[in-house]
Structure formats: C-alpha cells, structure tokens
Asks: 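The structure's right below; bear with me while I get my questions together.
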Amino acid sequence: MEAICTSSSSSNSRFLRNFHIPTYILLPGSEIDTDNADCPICPVLVFINSKSGGQLGGDLLVTYRTLLSEHQVFDLTQQAPDKALRMIYVNLERLKLEGDKLASKIEERLRIIVAGGDGTAGWLLGVVCDLKLRLPPPVATMPLGTGNNLPFAFGWGKRNPGTDRCSVETFLDQVMKAKEMNVDNWHILMRMKAPKEGSFDPIAPLDLPHSLHAFSREGYHTFRGGFWNYFSMGMDAQVSYAFHSERKLHPEKFTNQLVNQSTYMKLGCTQGWFAASLFHPAAENIGQLAQVKIMKNGHWQDLSIPSSIRSIICLNLPSFSGGLNPWGTPKARRSRDRDFTPPYVDDGLIEVVGFRDAWHGLVLLAPNGHGTRLAQAHRIMFKFHKGGADHTYMRIDGEPWKQPLPVDDETVVVEISQLGQVKMLATQDCISRSISNPLATGSHHKTDEEDADEGDDHSLHSSGEEWRKFGAAETFKLPDGFDITHLS
C-alpha cells in the first residue's frame with residue numbers, strides 16, 4: 001500500500017490508480033483503452049451535493065474531479081443518481097457480453113461515495129435499492145450536512161470534511177479499507193383518501209423531501225419512500241421544519257456546520273419545546289393524534305403511547321440528532337422483561353422511542369441516557385383520524401415536512417415496514433452493530449416472510465404494488481424482476 005499525502009507525484013499517481021475507472025467504462029461509445037488493462041483495487045463512483053456544507057460541496061467536487069476522472073464524479077444538483085448509474089450499468093453489461101473481463105472485475109469491486117446531508121445519502125441509497133442491480137455496490141457516506149447521523153453511525157465522523165487534496169486522499173484510503181455491512185431498508189407508505197376540498201399533500205419547506213415520492217392511486221393520494229436511519233413525528237420534526245424553511249429562504253445565513261447547529265438550538269428554544277406543557281396543547285401529543293399499531297407474531301397489536309409523549313422516533317441506527325442514541329443500552333433484566341433484543345442494524349426490527357419535551361431529549365447527553373422505550377417491531381402503523389389538530393410534522397433521515405391531517409371522517413395512514421437490505425461501508429470506528437458480527441450471536445433475524453400477514457385488512461401493504469420499491473429512481477415504474485441492464 002503506497003503512502004498517501006506525500007510530496008511525490010509518482011507515489012500519489014500510483015495511489016490514485018487504485019480508484020480510477022477507464023473512460024470507456026463510464027461513457028458508452030468511448031474508445032477502449034487497452035493500455036490500462038489492470039483492474040483498480042477499489043474503483044469508485046462519487047456523488048456530491050455541491051450545495052451541501054456551504055461552499056464545501058463545490059470545493060469537494062473540484063478536488064475529486066482533479067484527482068479522479070471527471071466522468072466518475074457527479075454533481076447531484078446537475079444529474080440525478082439513477083440516470084448516471086443506469087447509464088454505467090447498462091454499459092457494463094454490454095461490455096461483459098462482448099467479453100470485456102475488466103468490466104466484470106470493476107462491477108464486482110465497485111464502491112460508491114456519497115457526499116451530502118443525510119437526505120442526500122438516503123436519496124442515493126433509495127436509488128441503489130430501486131435499480132435492483134445484480135451486484136449492488138456498497139456505499140460510503142461523507143459527512144457534509146448538519147447532523148450527519150448516517151456517516152457517524154458507520155464510523156465516518158460527523159464533522160464536515162476537509163476539501164484539500166490530502167483530506168480527500170485520506171478519505172479514499174479509508175474507503176478502500178472499509179468493511180461491508182448489511183443494513184435494513186425501511187419503507188414508508190402514506191395514504192389518504194382524496195378530499196372533496198383542499199389537499200392532504202405533504203407540505204415541505206419549498207421542496208418535497210428527496211425521500212418522499214408521489215404514487216397515485218384512483219381515489220387516493222399515496223406517497224412512498226424509504227429511510228435508513230429514522231422516521232420521526234412531533235416536536236423534533238417541527239424544529240427541523242422551521243430550520244429547513246429558514247435555510248431555504250435565507251441560505252446566506254447558513255454558511256457552516258457550527259452556525260447551523262447553533263441556529264437549530266435557538267429554534268428549539270423559541271418554539272417552546274423546553275416548556276411544552278405550557279406552549280403546546282395536549283391535542284398535539286402523539287397519543288391524541290394517532291392510533292399506533294405494531295406487528296407482532298404476524299398480527300397487528302395496539303401500542304399504548306403515554307399521554308405526555310410529544311415526539312416519537314422509529315430508529316434503525318444508533319445515531320440521531322448529531323450522533324445521540326435515543327434507545328440507549330437497556331439492562332439485561334429489563335430487556336428480558338419487556339422482550340427486547342439488542343438493537344442491530346440488520347435484524348429486521350425498528351426501535352420505537354418517545355420524548356416528552358426538549359428537557360427529556362437532553363438526557364441523551366448523559367451516560368446511559370435514553371428516551372422512553374416503547375417497542376421493537378417489524379412493522380408499525382399510524383392511523384390519524386379527525387381530531388384536535390389539523391396538521392403534524394414528520395421527518396425522514398433529516399428531511400422534514402408538514403403533514404395535513406383529516407378535517408372530516410377520512411383517515412390518513414402511515415405504515416412502515418422492512419424492504420430488503422443495502423450494503424454500507426463501515427470503518428473501524430463504526431458504532432452500529434450487526435447480527436453477523438460474532439459479538440452479536442444469539443439474535444434471531446426474522447425475515448419479512450416470517451412476520452408478514454398478507455391477509456390483514458388493516459395493512460396498506462396487502463393491497464398494492466407500491467410498497468415493493470421506494471420510488472427514488474424513475475425505474476421504479478418498471479415491473480419487479482426487470483433487469484435494467486437489458487435496456488438499450
């Protein structure tokens with residue numbers, strides 16, 4: 001392994017060849033380069049949100065394109081990831097059919113880097129899942145947002161990275177050494193009957209979240225998407241909504257991570273969440289807004305939500321709100337008494353946690369601090385009926401929206417369930433745990449089939465095709481089982 005960040009141009013050149021992909025692999029119709037027949041050890045595709053991290057995204061784009069081929073580095077503000085990946089994988093398939101052995105090796109070794117906030121990372125992960133690739137590449141997440149919960153969960157840190165050559169080469173070295181880890185995908189389906197007047201459409205801060213996509217059905221408004229870290233509802237999502245709205249309207253005020261985090265804290269104070277019982281009516285509490293059900297042993301069961309809970313989090317990874325762990329580490333006896341298992345990222349279970357107010361959230365800063373542990377579940381459903389509130393706030397992996405609620409006798413239903421897995425890249429500092437790790441033996445991985453109840457009339461998933469993909473890529477419109485590499 002060559003040293004990195006050296007002054008020797010020959011050493012740097014040898015190191016960067018480990019990641020370089022020949023142009024003819026990336027651009028259909030390019031002249032085949034037979035002079036570079038050796039397969040790189042770690043071929044990478046890099047997707048960067050150039051608007052993330054203030055000026056950092058744009059600077060990072062320039063550095064990566066300087067070090068690698070500009071054709072293997074994509075600006076997500078200019079090109080959607082599904083179009084880029086589809087073009088490359090269709091070309092790989094064509095080259096393999098022509099007997100190109102290098103194309104086969106690159107497909108086997110390919111890794112992806114995504115630089116942006118958690119929402120950007122979720123967008124790309126949804127695309128990778130929706131494309132149904134034969135060999136889906138593992139993904140490394142570079143922290144370029146405000147919370148950076150996804151990168152932190154897998155050991156990539158939560159501070160925005162350096163954009164100079166040395167910093168980028170160091171990150172590339174980590175990507176080459178990183179280990180693959182399977183992580184559960186969580187699918188969200190939200191459906192409401194089309195109202196006679198008005199709209200139930202989600203209201204985002206000027207734009208819909210990348211992770212939420214419209215899917216029309218006759219007589220209903222349906223939205224679907226996916227998440228890898230968390231879905232939340234209530235006070236935390238409302239603060240996030242205010243933050244994103246302000247940043248969309250005044251981007252010049254949000255120039256770096258420290259300023260962003262400071263603004264976030266101020267919004268939590270000004271919205272009254274430290275004295276929630278005084279400033280926010282009880283009608284906004286989760287138990288008043290929705291009936292909550294979880295799937296246990298193939299059947300839906302009511303989940304009792306304490307009346308004081310104003311925020312609920314469905315958590316897949318041990319990283320929330322800048323690296324905090326709302327679930328914590330339950331004591332062994334308490335886990336047995338409540339039928340809890342250790343939280344793994346690939347066990348098909350999601351942890352459900354509640355918070356009363358912002359003071360309650362601050363307990364996460366203390367050793368062994370945690371929220372109110374409510375359940376572990378393979379599926380969870382929220383049913384909203386006509387009540388005291390006309391809207392609530394929801395959030396998926398850092399991207400919030402304002403959700404109108406019924407004003408008549410109709411119902412809004414949100415259902416969350418596991419939908420396969422994706423491969424993430426993890427460093428030696430990874431805080432997430434996997435059931436495949438020898439330290440995690442004894443936990444049973446329950447599959448979708450074991451816990452599914454296809455005949456349950458309560459389930460949205462029993463009645464349509466829309467739950468089988470996330471809708472992140474345009475190819476979700478193709479039938480299941482269709483190989484995109486067969487497209488011309």
Side-chain angles (χ1 to χ4, degrees), residues 19 42-49 76 81 85 107-145 147-158 161 171-187 210-211 225-231 314-320 323 325 342-351 396-399 418-437 439-440 443 445 470 472-473:
F19 310 94
C42 182
V44 295
L45 296 174
V46 184
F47 294 87
I48 300 173
N49 185 341
L76 289 171
L85 287 173
E107 182 184 30
E108 293 171 0
R109 299 180 183 180
L110 187 64
R111 295 186 165 193
I112 285 179
I113 297 171
V114 56
D118 289 340
T120 299
W123 182 22
L124 189 133
L125 291 171
V127 165
V128 170
C129 293
D130 275 356
L131 290 179
K132 307 289 186 183
L133 301 170
R134 185 179 68 86
L135 293 173
V139 179
T141 53
M142 177 176 275
L144 207 60
N148 297 319
N149 293 293
L150 271 168
F152 183 72
F154 297 102
W156 300 104
K158 52 187 175 182
F171 191 87
L172 286 170
D173 185 49
Q174 288 181 298
V175 170
M176 182 159 53
K177 295 174 180 176
K179 304 297 184 182
E180 294 183 16
M181 177 181 283
N182 288 328
V183 178
D184 291 330
N185 308 320
W186 289 93
H187 182 272
H210 284 122
S211 48
F227 65 93
W228 288 262
N229 191 1
Y230 65 87
F231 163 84
C314 300
L315 190 70
N316 187 40
L317 304 178
S319 180
F320 175 80
N325 184 0
Y344 301 118
V345 299
D346 55 348
D347 60 358
L349 288 171
I350 198 163
E351 282 68 47
I396 295 177
D397 285 353
E399 293 198 307
Q418 189 203 6
L419 180 58
Q421 295 181 328
V422 69
K423 290 183 182 296
M424 301 294 293
L425 289 171
T427 76
Q428 61 183 5
D429 298 321
C430 175
I431 63 171
S432 298
R433 297 181 64 193
S434 165
I435 59 170
S436 61
N437 189 309
L439 296 177
S443 177
H445 185 187
F470 300 105

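Residue indices begin at 1 and follow the sequence shown. Values below: all heavy atoms of this structure, side chains included; hydrogens, waters and symmetry mates excluded.
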Asks: Nearest 0.5 Å, please: how far is CG in L85 from CG in D130?
Replies: 11.5 Å
Asks: Residues two or more places apart in sequence or in another chain: which of them pass salt bridge (charged side-chain N to carboxylate O under 4.0 Å, His left out) with E108?
Replies: none
Asks: Using 30° and 60° as the class limits, which term best fits the ring planes of W186 and F227: parallel, tilted or perpendicular?
Replies: parallel
Asks: Are L125 and M424 close enough that some pair of their side-chain heavy atoms sits under 4.5 Å apart?
Replies: yes
Asks: Using 0.5 Å steps for rounding, measure from the CD atom of Q174 to the OG1 atom of T427.
Replies: 6.5 Å
Asks: A121: what forms a side chain to side chain contact (heavy atoms under 4.5 Å, CB included) with it, not counting sequence neighbours?
Replies: V114, T141, L150
Asks: Please name the pair of heavy atoms, one in M181 and one in C430, separated by the smallest distance, quoted to 0.1 Å.
Replies: CE-SG, 3.8 Å
Asks: If I compare all heavy atoms of D184 with all of N316, which pair ends up nearest, and what's the gap?
Replies: O-ND2, 3.2 Å
Asks: So, Y230 side chain and S319 main chain: donor-acceptor pair closer than 3.5 Å or not?
Replies: no
Asks: Nearest heavy-atom pair of P136 and K423: which atoms, and what distance?
Replies: O-CD, 4.4 Å
Asks: Side chains of I113 and F171, heavy atoms from C-beta outward: is any pair under 4.5 Å?
Replies: yes
Asks: Take R433 and V345 through the test side chain to side chain contact (heavy atoms under 4.5 Å, CB included) and record every step on the way to the result.
Replies: CA-CA 6 Å; R433 297 181 64 193; V345 299; over 6 Å; no
Asks: With a 3.5 Å distance limit and no angle check, can you tell me whether N149 reaches the backbone of D397 through a side-chain donor-acceptor pair?
Replies: no
Asks: How long is the gap from CH2 on W228 to CD on Q421, to the nearest 0.5 Å?
Replies: 13.0 Å
Asks: Within a strict 4.5 Å, meaning less than it, do heavy atoms of the F152 and P143 side chains meet?
Replies: no
Asks: Taking all non-hydrogen atoms of both residues into account, name the closest pair between K158 and N148 and its distance.
Replies: O-ND2, 2.8 Å
Asks: For the backbone of S434 and the side chain of D346, can you confirm whether one donor and one acceptor N or O come within less than 3.5 Å of each other?
Replies: no
Asks: In chain order, what residues pass the side chain to side chain contact (heavy atoms under 4.5 Å, CB included) check against N49, with sequence neighbours excluded?
Replies: K51, S52, T77, T120
Asks: For residues S432 and F154, report the shortest heavy-atom separation together with the two atoms involved.
Replies: OG-CE2, 4.0 Å
Asks: Pair N229, F320 - check side chain to side chain contact (heavy atoms under 4.5 Å, CB included), show working.
Replies: CA-CA 8 Å; N229 191 1; F320 175 80; 5.6 Å; no
Asks: How would you list, by chain and number, every residue that makes a ring-ring contact (aromatic ring centres under 6.0 Å, His included) with F47, sequence neighbours excluded?
Replies: F74
Asks: How close do A140 and W156 get, counting heavy atoms only, and between which atoms?
Replies: CB-CZ2, 3.7 Å
Asks: To the nearest 0.5 Å, tell me how far S436 OG sits from D347 CG.
Replies: 11.5 Å
Asks: Is V175 close to C42 at the side-chain level, that is, under 4.5 Å between some pair of heavy atoms?
Replies: yes
Asks: Could you tell me the separation between the NZ atom of K179 and the CG atom of L425, rounded to the nearest 0.5 Å?
Replies: 11.0 Å
Asks: Any side-chain heavy atom of N185 within less than 4.5 Å of one from Q418?
Replies: no
Asks: Can you check whether P138 reaches R111 side chain to side chain, under 4.5 Å on heavy atoms?
Replies: yes
